[in-house]
Every structure is written in structure tokens, then in C-alpha cells.
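Heads up: the structure comes next, in C-alpha cells.
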Amino acid sequence: MSAAWSTETLHPEYRQQLRIDRLIYDSQTAHQRIRIFENARFGRVMTLDDVVQVTEGDEFIYHEMMAHVPILAHGAARRVLIIGGGDGGMAREVLRHRGIESCTMVEIDRGVVDLCRTHLPGISRGAFDDPRLDLVIADGAEFVKTTDRRFDVIIIDSTDPIGPGEVLFTDSFYGHARRCLAGGGVLVTQNGVPFLQPDELAATMRAFRTLFADAACYLATVPSYAGGPMAFGWGTDGAVRGVTPEILERRFGESGLETRYYTPGTHLAAFALPGYIDAVAQGDAFSA
Ligand code: SAM
């Protein structure tokens with residue numbers, strides 16, 4: 001019998017497929033279709049509406065770079081907000097920092113949380129049971145519009161701008177999220193793969209340039225987010241992006257973190273953009 005495949009149709013002209021070696025779960029939640037399956041190369045994989053969200057094999061890259069870059073650059077983060085992040089990997093990495101007093105996670109789909117706790121426990125690794133975690137099941141866009149709480153780091157660990165995730169790529173969402181930053185706070189966003197999704201990065205950077213004194217992006221290459229390096233949007237009114245290598249080394253050493261991708265050198269180098277991505281971030285038209 002020929003193998004079954006998960007086909008990602010995020011892009012009209014480009015598709016990636018992962019072989020489904022063992023299907024674990026496949027159903028519709030209140031918001032999206034969730035599938036969890038095993039693949040010989042990537043381990044367990046979760047897709048939402050057929051788009052790869054997280055794989056056991058390479059999730060460390062994405063979660064380490066989205067959590068430790070803003071937290072170690074900030075240097076004194078106590079309160080973190082995660083929008084999305086239903087698999088629990090981002091909360092896991094945030095809560096590894098002993099100085100974090102609270103991590104609020106606003107996830108729209110309880111089905112994702114419940115199913116990942118059951119079928120992908122290796123991603124959250126107990127984060128959902130950490131007393132510092134405050135899990136809120138709600139639309140992240142509504143949350144930032146209404147909350148009076150303030151955060152030192154805000155991480156938009158969302159799906160791509162389709163379905164419930166679409167609202168998390170709007171100027172009004174970014175404006176409300178910025179309002180929720182404490183003084184010197186940092187906002188980082190999942191901003192897709194610029195080679196295939198240049199418009200998303202360009203739009204986020206355009207919005208961030210109007211909202212923040214320091215609007216930038218940084219990169220990491222995540223094999224299952226196909227198409228080249230992926231971009232993380234970065235916005236802050238502080239000067240923390242200019243943290244010196246010496247200070248970063250000290251903070252990283254004091255954190256006691258053991259990481260597989262993040263290093264202080266990788267952190268600083270991640271902001272060095274190839275010409276074509278810098279051009280996209282500046283709003284220049286891009287065509288491959
Ligand atoms: N690492 C993935 C990526 O880079 O695409 C993201 C993983 S995480 C599973 C994405 C989460 O965002 C999903 O659990 C989804 O339910 C959640 N989400 C989408 N739209 C949302 C919204 N408007 N408010 C809160 N969570 C949302």
C-alpha cells in the first residue's frame with residue numbers, strides 16, 4: 001500500500017509533503033483542522049489546516065530563538081505574554097528562565113492545547129503545569145485590545161495569516177499589542193519565510209516602523225518551515241537590540257540554559273540580514 005502524505009498548501013505555487021508513517025489524530029476543532037502524525041525524519045508533527053506548526057525534530061530552533069533572544073536581550077523580563085503557542089513549546093522555553101514571574105498564554109483553540117498535551121507531551125514538557133503559567137483561551141486580538149496588564153516581552157507565536165491567525169498580522173493588533181508592553185519591553189512575531197511570504201514581513205515591518213523606535217527582524221532556519229530562513233519581527237522602544245556580546249554571554253551563562261540552537265553568537269548574528277531579506281523588510285518589492 002502506498003504511503004499517505006501530508007501536503008502543505010500554504011503557497012499557491014509551492015508545496016511540501018511529509019510522509020505520514022503513523023496517523024495519531026485527525027479532526028476538526030472549533031477553529032481549525034488539527035492533524036498529529038509520526039514521520040521518520042521529523043518525529044511527531046502537528047499541522048493546522050494542513051500547515052506544519054511544530055515537529056519534535058526541529059521545534060527547538062524556533063522556540064529557542066523566539067523565547068531567548070528577546071528575554072536575554074531585555075535582561076530583566078519578569079512578565080511574558082504569548083499569543084498562540086498552543087503546543088506549549090514557547091511556554092516551555094520562556095519558563096526555563098528563573099527570573100520569569102508570570103507567563104500568560106492566550107490561545108484561541110483549547111482543542112490544540114488539549115490534543116498537544118495528550119499526543120505531543122514532549123513539546124510542552126510540563127509547561128502547562130508550571131504555576132507561573134496563566135493559560136487564557138481567547139482570541140489574542142481581543143485580549144490585547146482589552147487587557148490592562150503590561151508585559152516585558154510579548155511573543156506572537158501564531159499560525160500564518162489564515163483562519164484565526166489572520167487578525168494577528170494587522171496594524172490594529174500590533175498597535176494594541178504595543179500598548180501592552182511595559183517600558184523597554186520587546187515584541188517579537190512569527191513572520192514566515194520571506195522568500196515565500198515576503199508581503200507578510202514587509203507589512204509587519206512597515207507597521208513596526210510606525211510603532212517602535214527600533215523595528216527590525218532576525219532569522220533562523222527551521223527545516224520544516226520550508227523555503228529558506230524564517231523571519232521574526234522585532235519591535236521595541238528600548239536599546240536592548242544593541243546588547244553587547246559580553247553582557248549577552250554573562251546573561252546566558254547566569255541563566256543556566258542548555259540550548260541546542262541558541263547561543264549569544266547566534267543571537268547577534270541572527271539580526272544580520274541577507275540583502276534580499278533586508279530589502280523585503282524595508283518594503284522593496286521582491287520577486288524570486
Ligand atoms: N510555530 C508555529 C508557526 O510558526 O507557525 C505556531 C505554532 S502554535 C500551534 C500557533 C497557534 O496560534 C495555534 O495553536 C493557533 O490555534 C493559535 N492562534 C491562531 N490564531 C489565534 C488568535 N487569533 N488568538 C490566539 N491564538 C491563535
Side-chain angles (χ1 to χ4, degrees), residues 62-83 90 93-104 144 147 149-157 171 173-191 194 201-220 229-257 259 261-275 277-284:
Y62 172 86
H63 290 125
E64 288 182 15
M65 286 303 278
M66 266 201 106
H68 306 324
V69 169
I71 290 174
L72 290 172
H74 184 285
R78 296 289 176 267
R79 300 151 297 171
V80 174
L81 171 63
I82 299 169
I83 304 289
M90 198 62 70
E93 288 302 308
V94 166
L95 292 166
R96 292 175 68 191
H97 291 267
R98 291 185 291 265
I100 298 299
E101 293 166 0
S102 73
C103 179
T104 304
V144 294
T147 185
R149 293 162 61 183
R150 294 295 176 264
F151 303 92
D152 303 305
V153 169
I154 299 178
I155 300 171
I156 314 301
D157 180 16
D171 291 10
F173 169 70
Y174 292 141
H176 288 301
R178 182 192 180 287
R179 184 186 59 83
C180 298
L181 280 176
V186 184
L187 171 65
V188 294
T189 59
Q190 183 280 101
N191 246 114
L201 179 61
T204 299
M205 288 295 96
R206 188 170 45 251
F208 278 23
R209 281 193 290 274
T210 66
L211 290 169
F212 296 105
D214 180 22
C217 72
Y218 63 101
L219 307 177
M230 84 168 293
F232 305 105
W234 164 282
T236 182
D237 287 334
V240 292
R241 181 157 62 102
V243 61
T244 66
E246 295 73 23
I247 290 175
L248 214 43
E249 286 285 355
R250 177 173 54 76
R251 288 177 183 168
F252 182 59
E254 289 169 353
S255 73
L257 288 173
T259 51
Y261 187 93
Y262 180 93
T263 67
T266 309
H267 172 142
L268 295 168
F271 286 92
L273 304 181
I277 295 181
D278 188 41
V280 166
Q282 296 306 323
D284 298 347

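Just so you know, these numbers use all the heavy atoms, side chains as well, and skip hydrogens, waters and symmetry mates.
Counting only heavy atoms from C-beta outward, the side chains of P274 and L219 approach each other to under 4.5 Å. Looking at M90 and M66, their side chains come closer than 4.5 Å, going by heavy atoms from C-beta outward. At least one side-chain heavy atom of I277 sits less than 4.5 Å from a side-chain heavy atom of L201.
For R209 (side chain) and A215 (main-chain N/O), no donor-acceptor pair under 3.5 Å exists by modelled atom type. Looking only at distances, a side-chain donor or acceptor of R251 sits under 3.5 Å from a matching main-chain atom of A73. At least one donor-acceptor pair under 3.5 Å links the side chain of T236 to the backbone N or O of G185. Judged by distance alone, the side chain of T189 and the main-chain N or O of N191 form no donor-acceptor pair under 3.5 Å. No side-chain donor-acceptor contact under 3.5 Å links D171 to the backbone of A207.
When the options L187, V153, V144, I155 are evaluated for a side chain to side chain contact (heavy atoms under 4.5 Å, CB included) with L81, the one that passes is V144.
Here OH of Y262 is found 8.5 Å from CG of L257. Values are rounded to the nearest 0.5 Å. Annotation: the span from R241 atom CZ to H267 atom NE2 amounts to 9.5 Å, rounded to 0.5 Å. A distance of 8.5 Å separates CD of Q282 from CG of L273, quoted to the nearest 0.5 Å.
For R150, there are no salt bridge (Lys or Arg N to Asp or Glu O under 4.0 Å) partners, not counting sequence neighbours.
Ring-plane geometry between F271 and Y218 is classed as tilted, the angle between the planes lying from 30 to 60 degrees on a 0 to 90 degree scale. Taking the six-membered ring where tryptophan is involved, the planes of F232 and Y62 are tilted, since the angle between them lies from 30° to 60°.
For E93 and R96, the salt-bridge test passes: some basic side-chain N is under 4.0 Å from an acidic carboxylate O.
T266 and Y261 share no side-chain donor-acceptor pair at under 3.5 Å.
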